[in-house]
Visitor: 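Can you keep this structure in mind? I'll have questions shortly.
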Amino acid sequence: MKRVGRAELRKQADRRLRVWQKRLRRRSQARRQNGQNVVLVPPSNMSFSSNGAETIQFFQRFKDQVFRQKKQKDQARASLNWFSVDFRGVHKMSVPVAVVLAAEMHRWRLNSGAPLRADKPSRWQPHIRGMLDNLGVFSLLDIQLREHYAPQSELTLLTLKSGEKRDGAAVAELQTWIRSMGYAFEAKKSLFGALDEAMMNCLDHGYINIDGHEPRYPYAGHRWWATSCIDLRNGSLRFFVYDQGIGIPACIPTNDDFWGRIKARFPSLESDAARIEAAFEVGRTRTGQGERGKGLNKMWEAIKLANAGYIRVLSGKGDVTLTPTGVLKKIEHSAHIGGTLVEWSIPVEALQSNDS
């Protein structure tokens with residue numbers, strides 16, 4: 001009898017998982033059409049970089065379900081059914097995806113959307129359950145876990161922080177938190193000062209009014225979300241700031257002399273990724289304010305001071321990663337990610353210094 005290797009067994013298991021997920025999606029679609037309860041099933045690999053199309057589609061299905069039923073509730077047209085999310089088949093979830101998922105759960109809670117349940121969380125992969133637990137997702141769902149799990153021994157996430165753009169107390173708390181991280185690592189004051197300013201800049205530019213623009217999904221106020229991740233696998237400290245605004249590419253002016261100068265330096269600006277790159281290089285945003293006009297360059301400044309690490313910006317359909325010397329990678333996704341996510345990753349050894 002021919003022996004089957006581990007790789008082949010894993011392939012067979014993955015095929016069975018995909019078949020199961022497709023069947024469950026078809027059942028959910030049928031239930032949705034019949035006005036019954038709905039189960040949303042995410043892809044087994046939830047990652048913007050390695051499985052962006054399916055991951056973004058899941059978020060769109062989630063938001064469509066939340067706000068479709070909320071509209072029914074508000075207009076008293078139909079009884080409100082519950083829907084649930086089933087993460088049992090998820091084997092990989094990147095930290096950026098976990099941050100966006102937690103923010104979407106928070107928006108759902110703030111908007112009083114359709115009743116949402118977590119389907120059998122005790123059967124989810126422990127590291128997935130641990131990541132979401134650390135970020136505070138189960139608190140949003142009013143679920144009391146019998147046990148709390150560390151997502152991975154070498155990966156530690158802090159509880160997601162949130163506030164509105166003009167919420168002075170929340171912004172002050174965020175700044176205190178950033179500085180406390182610097183003290184904990186005995187880090188360079190100049191570097192954490194730049195990171196502090198960069199994160200504040202993200203808050204200022206998250207929601208810019210564009211004439212005639214109506215968001216597809218209601219805002220939960222002009223709200224931001226932020227967290228940090230200590231990643232011992234790579235020996236790095238990672239910071240994240242996310243908003244659910246229209247995105248950087250939509251904020252670049254298209255009808256003034258400045259736009260002409262951008263085109264002169266970057267002839268091809270059809271994609272969102274190219275527009276994000278251009279905005280970094282030119283160093284001006286739509287606001288036109290002198291100090292804030294170089295917002296993206298200030299976001300870049302933190303890793304330039306560290307002379308290591310990277311900054312990643314996912315906004316609109318664009319996904320751009322920069323090192324201290326320039327653009328490392330550009331990706332154009334098939335759909336809008338639903339806002340702007342900025343990530344800084346800085347090696348711990350680059351943070352620490354004897355001179356302060």
Visitor: In terms of relative ring orientation, are Phe62 and Phe58 parallel, tilted or perpendicular, with 30° and 60° separating the classes?
Guide: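 Ring orientation of Phe62 relative to Phe58: tilted.
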Visitor: How far apart are the closest heavy atoms of Lys92 and Ser50, and which atoms are they?
Guide: NZ-OG, 3.6 Å
Visitor: Any carboxylate oxygen within less than 4.0 angstrom of a Lys/Arg side-chain nitrogen, looking at Lys330 and Asp319?
Guide: no
Visitor: According to side chain to side chain contact (heavy atoms under 4.5 Å, CB included), who are the partners of Asp196, at least two apart in sequence or on a separate chain?
Guide: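 Side chain to side chain contact (heavy atoms under 4.5 Å, CB included) check on Asp196 returns Gln175, Ile178, Arg179, Met200.
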Visitor: Just checking, Lys304 and Trp300: is the charged tip under 6.0 Å from the six-membered ring centre and within 45° of the axis?
Guide: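 So Lys304 does make the cation-pi contact.
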Visitor: Do the ring planes of Trp124 and Phe138 sit parallel (below 30°), tilted (30 to 60°) or perpendicular (above 60°)?
Guide: tilted
Visitor: Ring centroids only, cut at 6.0 angstrom: are Phe59 and Trp108 within range, meaning strictly under it?
Guide: no
Visitor: For the pair Ser44 (side chain) and Gly89 (backbone), establish whether a donor and an acceptor sit closer than 3.5 Å, ignoring hydrogens and angles.
Guide: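 Absent.
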Visitor: Return the OG to CZ distance between Ser228 and Arg238, rounded to the nearest 0.5 Å.
Guide: 9.5 Å
Visitor: Any idea which heavy atoms bring Ala306 and Ile346 closest together, and the distance?
Guide: CB-CG2, 3.8 Å
Visitor: Following the transitive rule for hydrophobic clusters with a side-chain heavy-atom cut-off under 4.5 Å over Ile, Leu, Val, Met, Phe, Trp and Tyr, establish whether Ile303 and Leu328 coincide in one cluster.
Guide: no
Visitor: Restricting to side chain to side chain donor-acceptor pair (under 3.5 Å), what partner residues turn up for Glu301, sequence neighbours left out?
Guide: none
Visitor: Between Phe239 and Trp344, is the ring centroid distance below 6.0 Å?
Guide: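 Not close enough - the centres of the two rings lie 6.0 Å or further apart.
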Visitor: Just to verify, what does Ser49 make a side chain to side chain donor-acceptor pair (under 3.5 Å) with, not counting sequence neighbours?
Guide: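 Only Ser47 meet the side chain to side chain donor-acceptor pair (under 3.5 Å) criterion with Ser49.
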